[in-house]
Structure formats: structure tokens, C-alpha cells
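FYI, side chains are in, hydrogens and waters are out, and symmetry mates aren't considered; it's all heavy atoms of this structure. The chains referred to below are lettered A, B, ... by the order of the sequence lines, with proteins before strands, and numbering in each begins at 1.
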Amino acid sequence: MAEPDFASRCNSHRSYLLRVAMLQLRDGDLAEDVVQDTLLAALQGATGFSGRSSLKTWLTGILKHKIVDAIRRKAREPAFATLEEECQLDDFDALFDDSGHWENPPAEWGDPEAQLAREQFFDIVQFCLEKLPPNTARVFMMREVMELTSDEICKELTITSTNLWVILYRARLALRECLQQNWFAQTGHGG
Amino acid sequence: MITCKEASRALSQMQDGELSYPLYLRIRLHLLLCDACTHFAQQLRFLHRAMQHYRQ
């Protein structure tokens, strides 16, 4: 494999990697650093790329480790303490009435699978992820995009599994609401 | 009968693979009787698939 060609192929995924890192880290400089590290590690370890998975998947795998390292370092900083504050469930009381029923019962989303082929749908997903509180988004991405297990996330962030479930529940409720309002409730999106 | 609020929380927890068997049975029962939570459960699974797609 020609070295310069491999480098430019890796580089072509740069903006995607940056978008993922930015969503996870919410810090432009740190995201740049992490992506730079990832591309460097990819070039140094080019022989480790077997071609069995796509280059993008392989790079995402490296990025995942770099992001977890960065989050682990960040978790030691005082600013990250707000994770506990984001564990409060009270905000979602508004979604349910006093007897625990839905205020606005979730309706069917028509044919949601068809949305997965639409680029605009993922613009809305991105918009909704950006609206989440930073730590909530970070934890949700670790679980759903990076696919770490609950145990791994709890260990990395030194939180209890109960706290983790509350954060993930919160993220899913908020994303569902946001997609409902900004996509499925709109005409022509089947909802 | 558990409430929708409790059911929705347990349904989210199920995505992470953690639910006691008695609670699981109560959720199944709730879903038989509740369309809103059935939709919510489908939407959580869709959200998971959407995030996998998003990563590609």
C-alpha cells in the first residue's frame, strides 16, 4: 500500500472524525487534538489495517480509544463534577402527569426505517444531540455510538450504574421529544 | 400495575441489558395494555439503530 495514498485516504475522514469527537468532548481544541492523535496513530499503525473492515470503521475504533482517554483525563477536572447535577430526574416530571401517565403519549412514527436513508434526518439527529446537556450527550454517545458496555462506562467515569441509567434515560427521553417535534411531527415524515 | 413513567424508565434500562426478571414480566404486561409505551419501546430501538447508522 502506497504510504501517501493511505495518508490522504485517512485524511478524507477527518471531518467525520472531528464531528464525532466534537459531539463527545464539546471542546474544539481537545477534539482537534484527539483527531490529530488518531490520524497519527493510524499512519504509524497502518500495517494493523487489514482491510477487513472499512477504513472509516477502523479509524473510528482508534478514535474511540483516544476519546475515552481524553474523557478519563477530563473526568478528573472539577468541571466534570456537574455530571452529578445532570443525574436529577425532576426535569422529566413535566412529561408525565401526577398519576405517571404520559402528558403527550408517544404516537406511532410511521415508517422510521425509511428516515435512515435521508441525510436531512441525520442533520436533525445532530441538532438534537447538540441540544443535550454536555455530559448527558457524552455518556449517551459512549453507550450508543462507541458501544461501550454499562460496566465500562461506569468504570471510566466512576459513576454508579443507577446514575448511568438515569443519564441514559434522560438522554433518550430528550432525543425522542426532539425528534418528535423537529422531524416526525413535520408533514411528510410519517408520524 | 406500574405507571408509564416507571415503565419508560425500565424500557430505557433494557437497552443497556439490565433488568430483573420480575420487573421484565411487569413491563411485558404493561406493554400488552399500553399503546403509548409500546410506541416508546419501538422508538428507543429505532433510536439505537439510528445511532449505529449515524456512526457509519
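- Residues B:Leu33 and B:Ile2 are members of separate hydrophobic clusters, defined by side-chain heavy-atom contacts under 4.5 angstrom among Ile, Leu, Val, Met, Phe, Trp and Tyr.
- Under the 4.5 Å side-chain criterion, counting only non-hydrogen atoms from C-beta, A:Trp165 is in contact with B:Asp16.
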Mind running side-chain contact (heavy atoms from CB on, under 4.5 Å) on A:His101 and B:Lys5 for me, showing each step along the way?
-> CA-CA 6 Å; A:His101 287 101; B:Lys5 193 173 176 176; over 6 Å; no
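- Ring orientation note: the planes of B:Phe40 and A:Trp102 are tilted relative to one another, at an angle of 30° to 60°.
- A donor-acceptor pair under 3.5 Å is formed between the side chain of A:Arg143 and the backbone N or O of B:Gln15.
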Verdict with supporting geometry, B:Leu47 and A:Arg172, side-chain contact (heavy atoms from CB on, under 4.5 Å) = CA-CA 8 Å; B:Leu47 198 57; A:Arg172 290 177 181 130; 4.1 Å; yes
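- Contact of A:Leu168 with chain B is made through backbone and side chain together, with heavy-atom distances under 4.5 Å.
- Taking CD of A:Glu103 as the start and SG of B:Cys4 as the end, the distance is 11.5 Å to the nearest 0.5 Å.
- Interface summary for chain B: among A:Ser161, A:Pro105, A:Gly100, A:Ser150, the most heavy-atom pairs under 4.5 angstrom belong to A:Gly100.
- The parts of A:Glu113 that come within reach of chain B are both its backbone and its side chain, each placing non-hydrogen atoms under 4.5 angstrom from that chain.
- For residues 99-137 of chain A, the pairs satisfying disulfide (SG to SG under 2.5 Å) are A:Cys128-A:Cys178, with sequence neighbours left out.
- There is no contact between A:Thr149 and chain B, counting heavy-atom distances below 4.5 Å.
- Criterion: ILVMFWY side-chain heavy atoms under 4.5 Å apart, direct or through other members. Under it, A:Ile67 and A:Met22 are not part of a common hydrophobic cluster.
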A:Glu144/B:Gln52 under side chain to side chain donor-acceptor pair (under 3.5 Å): CA gap, chis, key distance, verdict = CA-CA 7 Å; A:Glu144 295 275 26; B:Gln52 303 212 298; over 6 Å; no
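- When the side chains of ILVMFWY residues are joined at heavy-atom separations under 4.5 Å, either directly or via intervening members, A:Leu43 and A:Leu55 end up in a single hydrophobic cluster.
- Contact annotation: the side chain of B:Met51 approaches that of A:Val125 to within less than 4.5 Å [non-hydrogen atoms, C-beta and beyond].
- Other residues, nucleotides and ligands contribute more than 12 heavy atoms inside 6.0 Å of the CZ atom of A:Arg26.
- A continuous path of Ile, Leu, Val, Met, Phe, Trp and Tyr side chains, each step under 4.5 Å between heavy atoms, connects A:Leu23 with A:Phe122, placing both in one hydrophobic cluster.
- Neither the backbone nor the side chain of B:Thr38 comes within less than 4.5 Å of any heavy atom in chain A.
- Minimum interatomic distance between A:Tyr169 and B:Ser8 (heavy atoms only, all atoms of both residues): OH-OG, 2.6 Å.
- Residues passing the ring pair (Phe, Tyr, Trp, His ring centres under 6.0 Å) test with A:Phe127: none are found, sequence neighbours excluded.
- Proximity to chain A is absent for every atom of B:Glu6, based on heavy atoms less than 4.5 angstrom apart.
- Both B:Leu44 and B:Tyr24 belong to a single network of hydrophobic side chains, linked directly or stepwise wherever heavy atoms of I, L, V, M, F, W or Y lie under 4.5 Å apart.
- Using cut-offs of 30° and 60° on the angle between ring planes, the pair B:Phe46 and A:Phe121 is tilted.
- Here the CD-CD distance, from A:Glu108 to B:Gln43, works out to 9.0 Å after rounding to the nearest 0.5 Å.
- The most heavy-atom pairs under 4.5 Å with chain A, out of B:Ala50, B:Ala7, B:Ala36, come from B:Ala36.
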